[in-house]
Structure formats: C-alpha cells, structure tokens
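Report on one structure; see the data block that follows.
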Number of protein chains: 2
Amino acid sequence: MSEVEPETTEQRILDAAEELFYGRGIQSVGMDAIRTASGVPLKRLYQTFPSKDTLVEAYLRRRDARWLRDLAQYVDTYDSPEQRILAVFDWLFLWFSEQEFRGCGFINSFGELGATSQTVADIAKAHKDAFRRYLADLVAVADAPAWLTDQLVLLAEGAMTTAAISGTPEPARHAKDAARTLLRAAHADVVTAA
Amino acid sequence: MSEVEPETTEQRILDAAEELFYGRGIQSVGMDAIRTASGVPLKRLYQTFPSKDTLVEAYLRRRDARWLRDLAQYVDTYDSPEQRILAVFDWLFLWFSEQEFRGCGFINSFGELGATSQTVADIAKAHKDAFRRYLADLVAVADAPAWLTDQLVLLAEGAMTTAAISGTPEPARHAKDAARTLLRAAHADVVTAA
DNA sequence: ACCGTAGGAGAACGACCGTTTTCGAGAATG
DNA sequence: CATTCTCGAAAACGGTCGTTCTCCTACGGT
C-alpha cells in the first residue's frame, strides 16, 4: 500500500544515470558509479539495460522528451503569440539559474560522442530539430516570417553554451532582448511586404 | 639543408593531437593513437609533453590563439566598421564549410571535461572571453552600444553549435542576417538617445 | 523441515589506457 | 675495433571500465 519508493527500478536507474551523465559527462561515468548512485545491483542494471550504450540512449531520449515538455508547459502560461515567443527565453533563464545547470545535455553529448556514435549524433540532431519545429510553430502563430525561426534558434543555442561556459544565466536576458528586436523587425517586414 | 620535414617534433605532435582531439573528442583518443598519427615514439612524446593533460592543455591553447588570429586576419580584409562586424559571420560560414568541421573545439571540450578538469574549463572560458572582447572592439569602432556585443556573441555561438549538429554551414547565413538587423536597431538606438 | 529458486553483493575477466621500462640496433668516440 | 651513448620499437605495469560469473543468503511451496 504505502509505497515508500514509488519509483520503478528503471526510473531509479535513469534518474541516477541522468544526474551523473549530465553532470560529469558520459565517458567519465562508469557503470559502477550508476550502480552506487541508483542502489540497483549490477545484475538488475544489466537486465534492465543490456549495455551502457542502451542506457545512454534511454537517458538522452527521456531527457529530450522532458525538456521539451517542460518548455511547452511554461510557454503555455502565456497567451499572446509574442509573449509566448519571449517566454521561451524566460524559461531558459530559469533553467540556466538551476544549481546543476551544465549546458545543453545534447550539445555536450554530441561534442563528446557525436563523432564516435552515430546513435548519439542522431538523437542530438532529432532533439534540435524538435526544438526548431516548436519555435517554428510559435513563430507561425505570431504571424512572423519563417526566417525568424532560424534566428531565434541561434539565440537560444548561443545562450545555452554561453551560459554554461560563463556560469551565469545572463545570456538568457540578452537573448530575450535580441529576440524582441528581431520580432519587431520581422513584423515590420511582414507589414512592408503587405 | 633541404629539410624534408620542416616541422619540429612538438609541432608534429600537436598537429596530430589537434586533428584527433578535435575530430574524435579528447577521451576517445589514446596516447597510442597520437603516437601512430604523429610518428613520434612514445618516449619522445612523453619527453615533450610529460602527461596527456599537458598535451591537451597545449592543444587547446594553440587552437585558441590560431582561431582568433585567423578570424582577425579575415576581418582585416574589410574596412568599414559595419562590414567588419558582418565579416565575422562570413568567416564562420567558411569555417563551417570545412570538411573536418566538428563544432567549436572549446564548447566540445567543455562539455566533455569541463566538470572534471578545472584547467579545461578555464581555458574554454578564457577563449570565449577573448572572442567576446574581440567583438566588443568591433562594436565599439562601429559606434554601436555595448549591448550589441552580447547579442552578437549569442548569434555566433548559436551558429557554431547549430552548424555542428545539423551538419550544414547555413546557420552562419542566418546569424549574419540577424546581426544585420540587430546592428541597424543598435544604430537607431544610438540616434534616438542622441 | 527441506529443497529449489531468485536475487543481491561483489569477485572475476578481458580489454584498453596512461605511463614507464626494457631491449637492441646503430652512431659517435677513442 | 671496442666502448659508450642515443634513441626508437614495443613489452610491461598498474589501474579502470564494461560485462559476466560465482557464491551466498533468504524465502516460498509442500
């Protein structure tokens, strides 16, 4: 009845793996560290994920889904199309401000393993494509020209890496300022073309 | 007299190390691979660089200096302050178009080792700071407000990671377009304030 | 109470990595 | 020619990693 541990074994493994992989990098984390952090014995660990590669893949896929879901949830608290676009950068600021923030897990994984593992490279690419599609929707709803999407992507990606390396969340503010300017220019462009 | 190999041993090691570290990631490359690629025996290799860590540090420092020197050289072929700013993104396009382009070596190294090695983290931060200072100079000469610098940094960094993961140099064009818009807005801002 | 089985803790194994050492071939010196 | 020294090729060493295996405990069914 009263489940003290509401998590399933798979979740406990993934939680530990995510914290370690994201926090220290994938190659720096051994299966033994995941075993210790999760409390799941090595035998069960390999019954659940038959290899480290599959565990890495599961870590990336789960993080991908949750990241985009959290972003969309935050954006959904705003109504106006323009505010929804700018809210993306507010959410980035909150993310960058987290204690454990260490940059984008997909950029990091790609830099570390993209040349070695086609799977990791594909997942990173798919994640960035999904993010771009999400921004494209926001841009379309705001009646802004499609090229604004590519520019907003650059601001967001640049903010992630700059915030990670510099260690401050400020890049999110600068990105938001730039996004506001570009959004205004995009609207002016539409008006001019009409 | 007629030196068939004009390079010194240290240069041959660094050339091999750079190609391998940048192309495959640092942890994925063993000292034996560097020995094979450089043709320098392991003994001499360790006489020149007493540990892998020092070799990694030398790789990053040399790449840092050369990267900024090459960028400045390209920018110096332009005269007008505005064109010099935009030339940064033209140079990025050329860089992204290289066959061996695998993203920014410092972002990659930071993602892979930034949490483990303070030295790597510091070098990456110093590299990005130097890049920011260079842009700040270009911005100052163009009589644009200082906040434009931060926005241009984001565009450049975002273009690097997006180009790396997507595999096309196009993000450089989008960044240049956005930079043009932001530059115009910045000038308008200065005029308004005056 | 007994046996069979599942499951956990950790040893074991083979591969690899960073680093050091050995060894032998050749050049330099008397 | 004998001796010493240099230096490159590769073996060796200690450690770690991903993965498997062994053993032991504890429990369920009869």
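Values below: every heavy atom of this structure, side chains too, minus hydrogens, waters and symmetry copies. Letters A, B, ... are given to chains in the order of the sequence lines, protein chains preceding strands, and every chain is numbered from 1.
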Quick one: list whatever passes side chain to side chain donor-acceptor pair (under 3.5 Å) with [X], sequence neighbours left out.
| X | value |
| --- | --- |
| A:S28 | B:Q27 |
| A:D122 | A:Q118 |
| B:E57 | B:R61 |

> Nucleotide by nucleotide, 5' to 3', does protein get under 4.0 Å of the base (B), only the sugar-phosphate (S), or neither (-) in nucleotides 4-10 of chain D, counting heavy atoms?
Replying inline: ---BB-B
> How would you list all residue pairs meeting ring pair (Phe, Tyr, Trp, His ring centres under 6.0 Å) that involve residues 122-168 of chain B, not counting sequence neighbours?
Replying inline: B:W67-B:H127, B:W67-B:F131, B:F106-B:H127
> Taking a hydrophobic cluster as the set of Ile, Leu, Val, Met, Phe, Trp and Tyr residues connected by side-chain heavy atoms closer than 4.5 Å, whether directly or through intermediates, do B:L86 and B:Y78 fall within one such cluster?
Replying inline: no
> What's the shortest heavy-atom distance between B:L42 and B:R35, and which atoms?
Replying inline: CD1-CB, 3.7 Å
> What's the shortest heavy-atom distance between A:R24 and B:T116, and which atoms?
Replying inline: O-OG1, 4.0 Å
> Going 5' to 3' along DNA chain C, which nucleotides are the first and last within contact of chain A (any atom under 4.0 Å from a heavy atom)?
Replying inline: C:dG7 to C:dG10
> Mind checking what makes salt bridge (charged side-chain N to carboxylate O under 4.0 Å, His left out) contact with B:R84, not counting sequence neighbours?
Replying inline: B:D76
> A:R133: what forms a salt bridge (charged side-chain N to carboxylate O under 4.0 Å, His left out) with it, not counting sequence neighbours?
Replying inline: none
> Salt-bridged, B:R62 to B:E10, with N to O below 4.0 Å?
Replying inline: no
> side-chain contact (heavy atoms from CB on, under 4.5 Å) with B:A175: which residues, sequence neighbours excluded?
Replying inline: A:L154, B:F89, B:L155, B:A159
So which protein N/O to nucleotides 14-18 of chain D N/O distances come out below 3.5 Å?
residue: D:dG18; atom: OP1; partner: A:K52; partner atom: NZ; Å: 2.4
residue: D:dG18; atom: OP2; partner: A:M31; partner atom: N; Å: 2.7

Show me, pair by pair, the donor-acceptor contacts under 3.5 angstrom made by side chains of residues 90-97 of chain A, not counting sequence neighbours?
residue: A:D90; atom: OD1; partner: A:K176; partner atom: NZ; Å: 2.9
residue: A:D90; atom: OD2; partner: A:K176; partner atom: NZ; Å: 3.2
residue: A:S97; atom: OG; partner: A:F93; partner atom: O; Å: 2.7

> Can you list, by residue number, the residues of residues 109-121 of chain B that have a non-hydrogen atom closer than 4.0 angstrom to DNA chain D?
Replying inline: none
